[in-house]
Undergrad: 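Below are the structure tokens for one structure; questions will follow.
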Amino acid sequence: MKHSLQGISWQAFLLLIAVAIIGVSLWYTNRLARDMAQREKQEAELWASAYKNIILAPESADVSFEFEVVRKNDRIPLILTDADGKVLNFRNIDSLKAARPGYLEKRIRKMKSQNTPIVLEISPEAKNFIYYEDSNLLRRLRIFPLVQLSIITGFLVFAYVLFTTARTAEQNQLWVGMAKETAHQLGTPISSLAAWLDLLRGKKYDDELKPVLDEIQKDIDRLELVADRFSKIGSAPGLQEAPLKPLLAKAVEYVRKRSSDQVKVELHAPEDATALLNAQLFDWVVENLLKNALDSMGGRGVISIHLIKDRNKIFIDVKDSGKGIPKSLFKTIFRPGFSTKKRGWGLGLALSKRIIEQYHKGKIFVKESELNKGTTFRIVLSSSDTGNT
């Protein structure tokens, strides 16, 4: 079994970098938030101490420093209450909101959930409480990791899509170049073989050689068909309305001639099912599925093709009684280069997916599979009755 690991390596590397960046960023930002929260607690305690000194200071005492400490607190919201919970003063809170009934009480409950209130012992019998909450700056700093995480995630998604698109475009160029070069290389020997065959037909031979020449002609026709298929890769194929049953029957007959007597190939299709197709490329897809079915059965078993017409959709199921496919590989088998055969290139199903989904705007996938019992591939096409592909 072969498949490329290049796609996995760079994705894993990108994910590792992302996790590292996010982890370091969250750790550092949370550390800053904790340090700032500790600093704001100290500022609140300093403000409480200064306020207490102002209240308890004799009239002749100089409390200008305490007044300066109280005045400079323009960030941390504070509420001063007595022991019974009556609001005595507040700072850094919108006065219009504070005038609303119950607003300050609600704000106190919120502050209690964030920080332990600071106790001011005005006298042995009287205690005041200072409630405080995080400043706007600290709240923004706590939210910053989420914003940063969203930005990094968005960047990674953009980078992944960009890299995937570029990689897909590069693969497509390689596919197109390889296909067209193959068609070009096949053209010269095919033309030469056709010319030699015409020359041989002009000679006088016994009737015994005529079947041989006819078989050579069939092989040349087959090579011309293959070259024509490859030449269409990368170009927008012309789609025409075509009956499906004759195309499927042609592919079935081709496979029957190349399989043993122990392989049974069945076709169940209505006569009136039509779709907009490129007949040569579609025929190629069906051949690939039938060949894969033959390979999976090891020379004996049953292959059945069922065509189902349902409103504006046509479903074509190719079922075999082979060794089956693990569920974990349902999508992997359509990747270029993946093959379970020792000599396989892993291009048949990848080409089939490209032909069906990109050229015919349909779908191809593994409908179901069970190990040692068989696999069913499904092709979904739009019926020509809908007037679109």
Side-chain angles (χ1 to χ4, degrees), residues 15-57 61-157:
L15 180 61
L16 184 62
I17 292 178
V19 171
I21 292 174
I22 293 172
V24 172
S25 176
L26 292 177
W27 172 80
Y28 187 72
T29 306
N30 286 333
R31 181 177 178 181
L32 286 178
R34 287 196 303 269
D35 292 345
M36 182 172 287
Q38 183 64 28
R39 181 177 177 182
E40 288 191 354
K41 180 181 178 181
Q42 294 172 353
E43 290 180 3
E45 291 174 346
L46 179 63
W47 188 92
S49 177
Y51 191 85
K52 179 180 177 180
N53 290 339
I54 293 173
I55 294 175
L56 300 179
D62 182 10
V63 290
S64 58
F65 175 76
E66 284 79 358
F67 272 110
E68 184 69 12
V69 171
V70 171
R71 185 186 65 81
K72 281 190 173 183
N73 174 31
D74 56 359
R75 294 188 302 112
I76 306 173
L78 299 160
I79 298 178
L80 176 67
T81 70
D82 60 16
D84 297 326
K86 181 181 177 181
V87 177
L88 303 176
N89 199 356
F90 60 85
R91 188 168 181 81
N92 299 324
I93 295 177
D94 190 339
S95 58
L96 294 178
K97 292 181 179 180
R100 298 174 186 172
Y103 177 82
L104 290 177
E105 288 74 12
K106 183 179 180 180
R107 194 74 176 262
I108 288 174
R109 289 193 296 270
K110 180 181 177 182
M111 290 178 172
K112 287 174 67 176
S113 67
Q114 287 187 1
N115 300 292
T116 303
I118 300 173
V119 181
L120 290 182
E121 294 187 1
I122 306 301
S123 67
E125 296 81 16
K127 291 183 179 180
N128 289 350
F129 296 89
I130 295 179
Y131 299 91
Y132 68 99
E133 66 183 7
D134 299 340
S135 65
N136 289 331
L137 179 61
L138 181 56
R139 285 199 297 270
R140 288 196 295 267
L141 185 60
R142 292 188 189 278
I143 297 174
F144 178 72
L146 299 178
V147 177
Q148 191 178 37
L149 181 60
S150 300
I151 294 174
I152 293 175
T153 302
F155 172 76
L156 291 174
V157 171

Undergrad: My understanding is that only residues two or more places apart in sequence, or in another chain, count here; which of them pass side-chain contact (heavy atoms from CB on, under 4.5 Å) with K86?
TA: D82

Undergrad: As an exercise, state the distance from CZ of F129 to CD1 of I118, rounded to the nearest 0.5 Å.
TA: 12.0 Å

Undergrad: Would you indicate whether the side-chain heavy atoms of R107 and F90 approach each other to under 4.5 Å?
TA: no

Undergrad: Rounded to the nearest 0.5 Å, how far does CD1 of I79 lie from NZ of K110?
TA: 10.5 Å

Undergrad: Rounded to the nearest 0.5 Å, what separates atom CD1 in I130 from atom OG1 in T81?
TA: 9.0 Å

Undergrad: Please name all residues satisfying side-chain contact (heavy atoms from CB on, under 4.5 Å) with R39, sequence neighbours left out, ordered by chain then number.
TA: E43

Undergrad: What are the two closest non-hydrogen atoms of P77 and M111, and how far apart are they?
TA: O-CE, 3.7 Å

Undergrad: Would the distance check show the side chain of S150 and the main-chain N or O of L146 forming a donor-acceptor pair, the cut-off being under 3.5 Å?
TA: yes

Undergrad: Do the side chain of E40 and the main chain of D134 share a donor and acceptor less than 3.5 angstrom apart?
TA: no

Undergrad: Between the main-chain N or O of Y132 and the side-chain N or O of N115, is there a donor-acceptor pair closer than 3.5 Å?
TA: yes

Undergrad: Drop me the distance from L120's CG to N53's CG, to the nearest 0.5 angstrom.
TA: 10.0 Å

Undergrad: Tell me, do I76 and W47 make a side-chain contact under 4.5 Å, heavy atoms counted?
TA: no

Undergrad: State the CD1-OH distance between I108 and Y131, to the nearest 0.5 angstrom.
TA: 6.0 Å

Undergrad: Measuring from atom CG of L141 to atom CG of N30, what distance do you get when rounded to the nearest 0.5 angstrom?
TA: 8.5 Å

Undergrad: Could you go through Y103 and I93, starting from their C-alpha distance and side-chain angles, then the distance that decides it, and tell me whether this counts as side-chain contact (heavy atoms from CB on, under 4.5 Å)?
TA: CA-CA 11 Å; Y103 177 82; I93 295 177; 4.0 Å; yes

